[in-house]
Amino acid sequence: MKKELEAVEGTQYVTKESILRRAREIKGIPLRNVDKTGRLATGKGAIGTVIEESWFGYTPNSESEPDFPEAGVELKVTPYLRGKNGIRAKERLVCNIINYMEEYDKTFQTSAFWHKCNTMLLMSYEHLADKPKGDFRIDEAVLFSFPDEDLAIIEHDWETIMEKVRAGRAHELSEGDTLYLAACTKGANASSVRQQPFSELPAKQRAYSLKSSYMTQILNKYIFGNAESPRIIKSADVLHAKTFEEYIIDKVKPYYGMTQNELKLRLGVDSNAKSLNEILLARMLDVKGRIACTEEFQKAGIIPKTIRVQSNG
DNA sequence: ATTCCTACCGACTGCTGTCT
DNA sequence: AGACAGCAGTCGGTAGGAAT
């Protein structure tokens, strides 16, 4: 696709404020009225490209720099769905390709991920199943930096990914390895592989991505500003000292081996509800009220669904 | 041809509501 | 309480464009 717009790159959008102001002007405009180059009619990736090209007026590129290098802002256009449980992310948010050969000996702070994605301009649109893309419209735009409590988890996720690479196991990476930041496959087909530093085995090409469960959390907390989600971790400080898993294990450890009845006595719970286990777990974690270990925790993206409490005795 | 960018697609799994 | 259908959520993979 030929560039048909005046180049404004490097001249107009050099501050975060000017970028955000421009981003907010697009709210409510059907994308068919934004698209100046017929880009929407093309296939995947069309919507983000329309906004880069026709709205911000820069040429789509394949550089590993943020989209607005002077301001250090990365543009991300991301769809959401409106379901009966409210708003949720339609997709994971894909960041940059992981260069196994270069990333492994960096720190999180010097990593390609952090360099590119530490500040993102998130622009959201509702994905409507039966409508053409031209009907879609951006309805929120925010500048997003990771809050401390999330950053601690993301940094831990980054380390988990890098540990596999350093162990010569990049070919065994999986999105299930981590909580918020994941390594998702990326490439034309299954033979899109690349070299890894500590093994002869070729590894699938992968990119950093923010999981859709975490994106749902971001949408609700920071983009559409809904009610605060339930939390276990009250202060980011604890996570700088311990990992998420260590924190949970430490909290639950004193109760290892106790029966349900012993736990009820110890924790002062007088209930025979079907949800007794989650009530007990909530008490162990020092969380107020009825915090489900299934639905509410997962909706908040805080706990993986595989955490369960055995129910007999 | 290769590498990275832009999201998007679809198969599976397992949760949840509803009916018996 | 058990069976089961439907659908939400997850994750492995794919499509198309531009630069080099």
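So you know, we letter chains A, B, ... as the sequences are listed, proteins then strands, and number each from 1. Since the structure is predicted, the reported quantities are computational estimates derived from the model, not experimental observations.
- Protein atom CD of A:Glu65 is 13 Å distant from nucleotide atom P of C:dT20, rounded to whole Å.
- For C:dG9, neither phosphate oxygen OP1 nor OP2 lies less than 4.0 angstrom from any side-chain nitrogen or oxygen of A:Ser212.
- A straight line from CD of A:Glu126 to P of B:dC8 spans 14 Å, rounded to a whole angstrom.
- One donor-acceptor pair, N or O on each side, does fall under 3.5 Å between the base of C:dG13 and the side chain of A:Thr185.
- Between B:dC4 and A:Arg194, a contact under 4.0 Å exists linking OP1 or OP2 to a side-chain N or O.
- For A:Tyr214 and C:dC11, the OH to C1' distance is 19 Å, given to the nearest whole Å.
- Ion pair A:Glu53/A:Arg39 flagged as a salt bridge, since at least one NZ, NE, NH1 or NH2 atom sits closer than 4.0 Å to an Asp/Glu carboxylate oxygen.
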Query raised in the report: Please walk me through it: do A:Tyr104 and A:Phe198 pass ring pair (Phe, Tyr, Trp, His ring centres under 6.0 Å)?
Result: CA-CA 10 Å; A:Tyr104 72 89; A:Phe198 299 107; 5.0 Å; yes
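- For A:Tyr58 and A:Tyr13, the distance between ring centers is not under 6.0 angstrom.
- Rounding to whole angstrom units, CG of residue A:Leu75 and P of B:dT6 are separated by 8 Å.
- Taking for each of A:Gly45 and A:Thr178 the nucleotide of DNA chain C with the nearest heavy atom, the 5'-most of the two is the partner of A:Thr178.
- Look at A:Arg88 and you'll find a side-chain N or O under 4.0 angstrom from OP1 or OP2 of C:dG9.
- A donor N or O paired with an acceptor N or O is not found under 3.5 Å between the base of C:dG9 and the side-chain atoms of A:Arg92.
- Between A:Glu175 and A:Arg92, at least one side-chain nitrogen of the basic residue sits less than 4.0 Å from a carboxylate oxygen of the acidic one, meeting the salt-bridge criterion.
- No chain of hydrophobic side-chain contacts below 4.5 Å, direct or via other Ile, Leu, Val, Met, Phe, Trp or Tyr residues, connects A:Leu219 to A:Val94.
- Near-neighbour residues of DNA chain C inside residues 161-175 of chain A, defined by a heavy atom below 4.0 Å, number-ordered: A:Ser174, A:Glu175.
- Within the structure, a side-chain polar atom (N or O) of A:Arg39 is placed less than 4.0 Å from OP1 or OP2 of C:dA18.
- Distance A:Tyr58 OH to C:dA19 C1': 15 Å, rounded to the nearest Å.
- Residue-level contact check: A:Gly176 touches the backbone only, with heavy atoms under 4.0 Å from sugar-phosphate atoms and none from bases.
- Of the candidates C:dG12, B:dT6, C:dA19, B:dT6 carries the atom nearest the A:Asp67 side chain, counting heavy atoms from C-beta on.
- Residue order along DNA chain C, read from the 5' end via each residue's closest nucleotide, puts A:Lys90 first among A:Thr49 and A:Lys90.
- Other residues, nucleotides and ligands contribute over 12 non-hydrogen atoms within 6.0 Å of the NZ atom of A:Lys27.
- Checked by distance alone, A:Glu74 brings no side-chain donor or acceptor within 3.5 Å of a matching partner on the base of B:dC5.
- Contacts of A:Ile47 with the nucleic acid, taken as non-hydrogen atoms under 4.0 Å apart, involve only primed sugar atoms and P, OP1 or OP2.
- Using cut-offs of 30° and 60° for the angle between ring planes, the A:Phe224 and A:Tyr80 rings count as perpendicular.
- Look at CD1 on A:Ile98: it is 15 Å from C1' on B:dC5, rounded to the nearest Å.
- In this entry the distance linking CG of A:Asp177 with P of C:dC11 reads 10 Å, nearest Å.
- Neither OP1 nor OP2 of B:dC4 sits under 4.0 Å from any side-chain N or O of A:Tyr208.
- Comparing A:Val77 and A:Asn99, the nucleotide of DNA chain B nearest to each residue sits closer to the 5' end for A:Asn99.
- Within the 6.0 Å centre-distance limit, the rings of A:Phe146 and A:Phe144 are counted as a close aromatic pair.
- Between A:Lys116 and B:dC5 there is a side-chain N or O to OP1 or OP2 distance below 4.0 Å.
- In this structure, a donor-acceptor pair under 3.5 Å is absent between the side chains of A:His127 and A:Glu91.
- Side-chain N/O atoms of A:Lys211 include one lying less than 4.0 angstrom from OP1 or OP2 on C:dC11.
- Here B:dC5 presents its P atom at 9 Å from NZ of A:Lys186, a figure rounded to the nearest Å.
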